[in-house]
**Student:** 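After the structure tokens below, expect a handful of questions from me.
Every number for a ligand or one of its atoms is a count from 1 in the order of the listing. Just so we're clear, the structure is a prediction, and the values are computed from it rather than from any experiment.
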Amino acid sequence: MTTAAAQPVSIARLPGPRTAPLVGNLHQLDLPRLHQQLERWAAEYGPIYRIALGRRQRVCVSDLDTINTMLRERPDTFRRTRHIETIMDEMGFNGVFSRDGEAWRRQRKVVAHALNPAHLAQFYPAMRETTERLRRRWAGTQGTALEVCRELMRYTVDVTAHLAFGIDVNTIETDGPVVQQQLDRVFPMLFRRTVAPFPYWRYLKTPADRELDRALAAIRTTVVDFTERCRERMRAEPGLFAQPTNFLEAILAAQAEEAVDFSDDEIYANVITLMLAGEDTTANTLAWACKFLVDFPQHFARARAEADAVLGADTVAADLDAIRRLDFIEALAHETMRHKPVAPILGVEPKVDIELLGCHLPAGTEILALTRPNAMSDDHFAAAERFEPGRWLRADGGEEPHNPRAFMPFGAGPRFCPGRGLAMLEIKAVLAMLVRNFDIALATPGRDVREQLNFTMLPEGLALRFAART
Ligand code: HEM
């Protein structure tokens, strides 16, 4: 935040692209490419500028210190955009991602606890089995073209459902439960409503909105049923209260002890939040990493040499100790997220009137924080455009000076992603399994793989062939 001596300007006086009546800047935006346009405008208009989605004004910020301050000063001075909370309220699941203030604090404690390193360690054997299933699936595909995001979603769905409910949905080896297809409808609609210039669905439901309503009703029925079954199991095995084996059991145990004041609605909301927050993000990050492995054979070779050395005779990492030793693969994951952060825009708003970079922002102004421009700037990373995993490794001489504060694929401050540990575990387990066992190639060489924003950012239509390692 600045304390500029000059009088702060109003939002209307900020630079920004010319707006048209009613639509604002909507006509200049291709929504699946929204983040790229906003990044181009940041390069043109500077660290703070304004846009209008219809009549809704938004302020876009790419200044590193300001973004860090906004993210760190939550929940006191800033919050996640209220608009998201309203939309999620309408969808009936307001959990730790969208809540603010005291409700957020309570929920955050339970969610962060369920995802802490001790629980992840207990959970690893189940994840190892899921990784092995994915290996078997790919081994059976015999070089047919596979849509990579879909493939990896099967993996993250299985891992997350196991962690959330303790249920083995096994979408890798079966078509999976219908609830998954229903969950798939939620993110695209959430994105559509978040950027809609006008809440049309409150007045007129399109077929997609009606489908969403049906999907949400079915998801609720399934989760309530899982919760009841889980309660019964816990009554039958009271030992689970002291040693819960999944997220649902952990919340029910805390609820029974009255350690947390959690309503059944909040339990439902947070189970769904975990399922949604944990699936696309990790799967899409993995998909981008696959793309880089294809693009850079020298990094593939180094990752394979590391996996061979660490995994030994195993096809997947046997335990957490093996995972911890995958330094280059971890560096490759970091470099992937620097180039391709799957959440490139974070929505925040001030709770009080505030001055930011010389602009007066009234409480409630919607701010879009653009995190990638800093991560891709030579000011913070040497030769920033280069894809160079070695820059993350001390063993490589820590050769490339960089500013870790400019790298925030998991956000920053008190609302930093609590799933980071789980995500890194999944990413390292899958990449090590992949390079150890398979050669991969683009299904359609030469085809441009575009970024597509669908709440999270994915490689559009990326298809690969997996062949047994030669
Ligand atoms: C590569 C994978 C992932 C990425 C890149 C990612 C990224 C993010 C980002 C950018 C945020 C917002 C942080 C902020 O506002 O400062 C977030 C929040 C969150 N993430 Fe993740 N995430 C990933 C995986 C996961 C997983 C596996 C889970 C759990 C199963 C998870 C659960 C959450 C939750 C619950 C929040 C809301 C936290 C809060 O508001 O207090 N995420 N994530």
**Student:** Have a look at ligand 1 and work out which part of Val96, if any, has a heavy atom under 4.0 Å from it: side chain, backbone, both or neither.
**Tutor:**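 Both backbone and side chain of Val96 come within 4.0 Å of ligand 1.
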**Student:** Quick one: closest heavy-atom pair of Ala307 and Val435, and the distance?
**Tutor:**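 In this case the closest contact between Ala307 and Val435 is CB-CG2, 3.8 Å.
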**Student:** Rounded to the nearest 0.5 Å, how far does CD of Glu349 lie from CG of Leu368?
**Tutor:**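 Rounded to the nearest 0.5 Å, the CG-CD separation comes to 11.0 Å.
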**Student:** What is the nearest protein non-hydrogen atom to atom 13 (C) of ligand 1, stated with its residue, atom name and distance?
**Tutor:**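 Looking only at protein heavy atoms, the one closest to atom 13 (C) of ligand 1 is Arg415 O, 3.3 Å.
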**Student:** Does any part of the side chain of Leu434, heavy atoms only, come nearer than 4.5 Å to the side chain of Leu286, both counted from C-beta?
**Tutor:**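 Counting from C-beta outward, Leu286 and Leu434 never come under 4.5 Å.
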**Student:** Return a yes/no value for Trp104: is any of its N or O atoms, backbone included, closer than 3.5 angstrom to an N or O of ligand 1?
**Tutor:**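 Min N/O separation from ligand 1 is below 3.5 Å for Trp104.
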**Student:** Classify the contact between Arg74 and ligand 1 as side chain, backbone, both or neither, using a heavy-atom distance cut-off of under 4.0 Å.
**Tutor:**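 Only the side chain of Arg74 comes within reach of ligand 1.
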**Student:** Go through ligand 1 atom by atom and flag the ones less than 4.0 Å from a non-hydrogen atom of Leu422.
**Tutor:**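 So the atoms of ligand 1 that pass are 27 (C), 30 (C).
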**Student:** Give a yes or no on whether a salt bridge exists between Arg33 and Glu460, defined as a side-chain N under 4.0 angstrom from a carboxylate O.
**Tutor:**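 Yes.
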**Student:** If I apply the N/O under 3.5 Å rule, does Thr273 come out as touching ligand 1?
**Tutor:**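 In fact, backbone or side chain, Thr273 has no N or O that close.
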**Student:** So, does Met408 sit close enough to ligand 1 that a heavy atom of it is under 4.0 Å from the ligand?
**Tutor:**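 No, Met408 has no heavy atoms under 4.0 Å from ligand 1.
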**Student:** Listing by chain and number, which protein N, O or S atoms are under 2.8 Å from atom 21 (Fe) of ligand 1?
**Tutor:**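 Sorted hits: Cys417 SG.
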**Student:** In terms of side-chain heavy atoms, does Asp264 have a donor or acceptor partner in Gln255 at a distance below 3.5 Å?
**Tutor:**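 Judged by distance alone, the side chains do pair up.
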**Student:** One residue to check: Ala412. Relative to ligand 1, which of side chain, backbone, both or neither has a non-hydrogen atom less than 4.0 Å away?
**Tutor:**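 Only the backbone of Ala412 comes within reach of ligand 1.
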**Student:** I'd like to know if the side chain of Glu451 pairs up with that of His35 as donor and acceptor (distance under 3.5 Å, no hydrogens or angles considered).
**Tutor:**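 Their side chains do contain a donor-acceptor pair, which is all the 3.5 Å distance test asks for.
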**Student:** Between the side chains of Glu132 and Arg128, is the shortest nitrogen-to-carboxylate-oxygen separation below 4.0 Å, so that they form an ion pair?
**Tutor:**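 Judged by the 4.0 Å cut-off on N to carboxylate O distance, Arg128 and Glu132 do not form a salt bridge.
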**Student:** Gly413 near ligand 1, heavy-atom distance under 4.0 Å?
**Tutor:**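 In this structure, Gly413 fails to qualify as a contact of ligand 1 - no heavy atom is under 4.0 Å.
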**Student:** Suppose we measure from atom 10 (C) of ligand 1 to each protein heavy atom; which comes out shortest, and what is that distance?
**Tutor:**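 I find the closest protein heavy atom is Pro409 O, 3.3 Å.
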**Student:** For a quick check under 3.5 Å, do Thr365 and Gln57 share a side-chain donor-acceptor pair by atom type?
**Tutor:**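 Short answer, no.
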**Student:** Test of understanding: given a 4.0 Å heavy-atom threshold, classify the contact between Thr285 and ligand 1 as side chain, backbone, both, or neither.
**Tutor:**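 The side chain, only.
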**Student:** What do you reckon, does Arg80 have a nitrogen or oxygen under 3.5 Å from a nitrogen or oxygen of ligand 1?
**Tutor:**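 Looking only at distances, the answer is yes, because the N/O contact criterion of under 3.5 Å is met.
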**Student:** Indicate whether the side chain of Glu335 and that of Trp392 have a donor and an acceptor atom separated by less than 3.5 Å.
**Tutor:**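 Glu335 vs Trp392: donor-acceptor pair found between side chains.
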**Student:** For atom 39 (C) of ligand 1, what is the closest protein heavy atom, and at what distance to 0.1 Å?
**Tutor:**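 Here the closest protein heavy atom is Arg108 NH1, 3.5 Å.
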**Student:** Taking only heavy atoms of Val342, which atoms of ligand 1 are found under 4.0 Å from at least one of them?
**Tutor:**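 Listed by number with element, the hits are 5 (C).
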**Student:** Going by atom types alone, do Tyr155 and Thr131 pair a side-chain donor with an acceptor below 3.5 Å?
**Tutor:**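 Judged by distance alone, the side chains do pair up.
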**Student:** Quick one: do Arg99 and Glu85 make a salt bridge, cutoff under 4.0 Å?
**Tutor:**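 Result for this pair is yes, salt bridge flagged.
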**Student:** Can you tell me which residue and heavy atom of the protein come closest to atom 37 (C) of ligand 1, and the distance to 0.1 Å?
**Tutor:**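 In this structure, atom 37 (C) of ligand 1 has Phe97 CD1, 3.5 Å as its nearest protein heavy atom.
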**Student:** For Glu173, I'd like to know if atom CD has over 12 heavy atoms of other residues, nucleotides or ligands within 6.0 Å.
**Tutor:**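 Atom CD in Glu173 is packed in, count exceeds 12.
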**Student:** Could you check whether the rings of Phe416 and Phe410 sit parallel, tilted or perpendicular, using 30° and 60° as the cut-offs?
**Tutor:**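 Phe416 vs Phe410 ring planes: tilted.
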